[in-house]
Amino acid sequence: MSAAEALAKIGVSGKVLIIGGANIAADLVKQLGLSEAHVADDDSQSLQNLSTTSSTVKITPVYTRVIERLVELPSTTFDTVVAFYSLERALNKRAFMTEARRLLKQGGKLIVLTHVRGFLRRRGLSKTELDKLLATQGFKLVERIQKGGDALCVLLKE
């Protein structure tokens with residue numbers, strides 16, 4: 001199952017922020033049937049390419065030097081925040097979770113797609129580290145699917 005199919009199954013709607021994955025965000029937003037989205041990334045070149053390639057969907061690029069700091073975005077703005085393989089890139093993963101909670105409306109969804117380290121995979125989060133992050137105060141874990149070294153987790157803001 002592709003990331004777009006998994007996200008469609010979960011139900012991504014309302015005002016959406018995608019953190020990371022600026023290089024594929026336009027296709028992802030189209031596949032999800034969204035009319036607009038904000039995309040935050042620390043890769044300015046991918047964000048610049050994104051703004052020139054997306055003509056049918058309104059995508060607002062948000063550049064950030066540090067992936068867990070999105071201070072220019074107002075609090076309680078988004079219905080859904082999708083962390084697209086960006087949590088493992090955060091220097092301070094706990095701050096990333098806190099920032100996602102700040103940006104979400106009450107009852108909003110945080111969808112985390114991440115790599116999980118294993119015997120053959122050296123990159124990503126360890127299972128223990130992911131478990132601790134998913135237990136962040138203010139969130140309730142609704143769904144967790146782990147398959148092939150990747151994890152898809154859905155949390156609701158309480």
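Residue numbers start at 1 and run along the sequence shown.
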K.L.:
Which distance, rounded to the nearest 0.5 Å, do you find between the CD of Glu99 and the CD of Glu68?
P.N.:
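With rounding to 0.5 Å, CD (Glu99) is 9.0 Å from CD (Glu68).
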
K.L.:
Can you confirm whether Lys93 sits close enough to Glu129 that some side-chain heavy atom of one is under 4.5 Å from a side-chain heavy atom of the other?
P.N.:
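They are in contact (side-chain heavy atoms under 4.5 Å apart), so the answer is yes.
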
K.L.:
Shared ILVMFWY cluster between Tyr63 and Val29, side chains joined below 4.5 angstrom?
P.N.:
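Looking at the clustering, Val29 is in the same group as Tyr63.
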
K.L.:
Please examine the side chains of Leu156 and Lys109, heavy atoms only from C-beta on, and report whether any two atoms are closer than 4.5 Å.
P.N.:
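Yes. Closest side-chain heavy atoms under 4.5 Å.
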
K.L.:
Could you give me the CA-CA distance, side-chain angles and deciding distance for Val116 and Asp150, then say whether side chain to side chain contact (heavy atoms under 4.5 Å, CB included) is met?
P.N.:
CA-CA 5 Å; Val116 179; Asp150 289 337; over 6 Å; no

K.L.:
Output the distance between atom OG1 (Thr76) and atom CG (Leu104), rounded to the nearest 0.5 Å.
P.N.:
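Answer rounded to 0.5 Å: 9.5 Å.
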
K.L.:
Output side-chain donor-acceptor pairs under 3.5 Å for residues 14-28, partner residues at least two apart or in another chain, one line each.
P.N.:
none

K.L.:
Taking all heavy atoms of Leu32 and all of Ala8, pick out the closest pair and write down the distance.
P.N.:
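Taking every non-hydrogen atom into account, CD2-N, 3.5 Å.
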
K.L.:
Roughly how far apart are Phe78 CZ and His38 NE2, rounded to 0.5 Å?
P.N.:
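Rounded to the nearest 0.5 Å, the CZ-NE2 separation comes out at 4.5 Å.
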
K.L.:
Is a side-chain donor or acceptor of Thr98 paired with a backbone partner of Arg94 at a separation under 3.5 angstrom?
P.N.:
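Checking the backbone N and O of Arg94 against the side chain of Thr98, a donor-acceptor pair under 3.5 Å is found.
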
K.L.:
Does any part of the side chain of Leu70, heavy atoms only, come nearer than 4.5 Å to the side chain of Leu103, both counted from C-beta?
P.N.:
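SC-SC contact between Leu103 and Leu70 confirmed.
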
K.L.:
Would you please say whether a donor-acceptor pair under 3.5 Å links the side chains of Ser75 and Arg102?
P.N.:
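Arg102 and Ser75 do have a side-chain donor-acceptor pair below 3.5 Å.
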
K.L.:
Side-chain contact test, heavy atoms from C-beta onward, threshold under 4.5 Å: evaluate it for Glu158 versus Phe139 and give yes or no.
P.N.:
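Side-chain contact under 4.5 Å: no.
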
K.L.:
Checking side chain to side chain contact (heavy atoms under 4.5 Å, CB included) for the pair Leu134/Leu155: CA distance, chi angles, key distance, verdict?
P.N.:
CA-CA 8 Å; Leu134 295 177; Leu155 298 106; 3.7 Å; yes

K.L.:
Could you tell me the separation between the CD atom of Glu143 and the CD1 atom of Ile111, rounded to the nearest 0.5 Å?
P.N.:
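So the gap between those two atoms works out to 9.5 Å.
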
K.L.:
Go through the steps to decide whether Lys157 and Gln106 satisfy the test side chain to side chain contact (heavy atoms under 4.5 Å, CB included), and finish with yes or no.
P.N.:
CA-CA 6 Å; Lys157 181 180 177 181; Gln106 194 67 25; 4.1 Å; yes

K.L.:
One thing to verify: whether Asp131 and Arg144 come together as a salt bridge, which I'm taking to mean a side-chain N less than 4.0 angstrom from a carboxylate O.
P.N.:
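Answer for the salt bridge query: yes.
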
K.L.:
Listed by chain and number, what are the side chain to side chain contact (heavy atoms under 4.5 Å, CB included) partners of Glu36, not counting sequence neighbours?
P.N.:
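Expected list: Lys58.
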
K.L.:
If you draw a 6.0 Å radius around CD in Gln137, do more than 12 non-hydrogen atoms from other residues or ligands fall strictly inside?
P.N.:
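No, the 6.0 Å shell around CD holds no more than 12 heavy atoms from other groups.
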
K.L.:
For the pair Leu7 and Leu113, evaluate side chain to side chain contact (heavy atoms under 4.5 Å, CB included) and give the outcome as yes or no after the intermediate values.
P.N.:
CA-CA 10 Å; Leu7 291 173; Leu113 291 119; 4.0 Å; yes

K.L.:
With rounding to the nearest 0.5 angstrom, report the OG1 to NZ distance, Thr80 to Lys105.
P.N.:
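Going from OG1 on Thr80 over to NZ on Lys105, the span is 9.5 Å.
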
K.L.:
Do Thr136 and Arg101 meet the criterion of a side-chain donor-acceptor pair at a distance under 3.5 Å?
P.N.:
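Checked: Thr136/Arg101 side chains show no N/O donor-acceptor pair below 3.5 Å.
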
K.L.:
Which distance, rounded to the nearest 0.5 Å, do you find between the CG of Leu47 and the CG of Asp41?
P.N.:
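Here the rounded value is 5.5 Å.
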
K.L.:
Decide whether Tyr85 and Val12 are clustered together by the hydrophobic rule: side chain heavy atoms of Ile, Leu, Val, Met, Phe, Trp, Tyr closer than 4.5 Å, transitively.
P.N.:
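Yes: a chain of side-chain contacts under 4.5 Å links Tyr85 to Val12.
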
K.L.:
When you compare the side chain of Lys147 with that of Leu152, does any pair of heavy atoms fall below 4.5 Å?
P.N.:
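SC-SC contact between Leu152 and Lys147 ruled out.
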
K.L.:
Would you call Arg89 and Asp43 a salt bridge, using N to O less than 4.0 angstrom?
P.N.:
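Here Arg89 does not pair with Asp43 in a salt bridge, since their nearest N and O are not under 4.0 Å apart.
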
K.L.:
Keeping to residues at least two apart or across chains, list the ring pair (Phe, Tyr, Trp, His ring centres under 6.0 Å) pairs with something in residues 6-25.
P.N.:
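Every pair satisfying ring pair (Phe, Tyr, Trp, His ring centres under 6.0 Å) with a residue in residues 6-25: there are none.
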
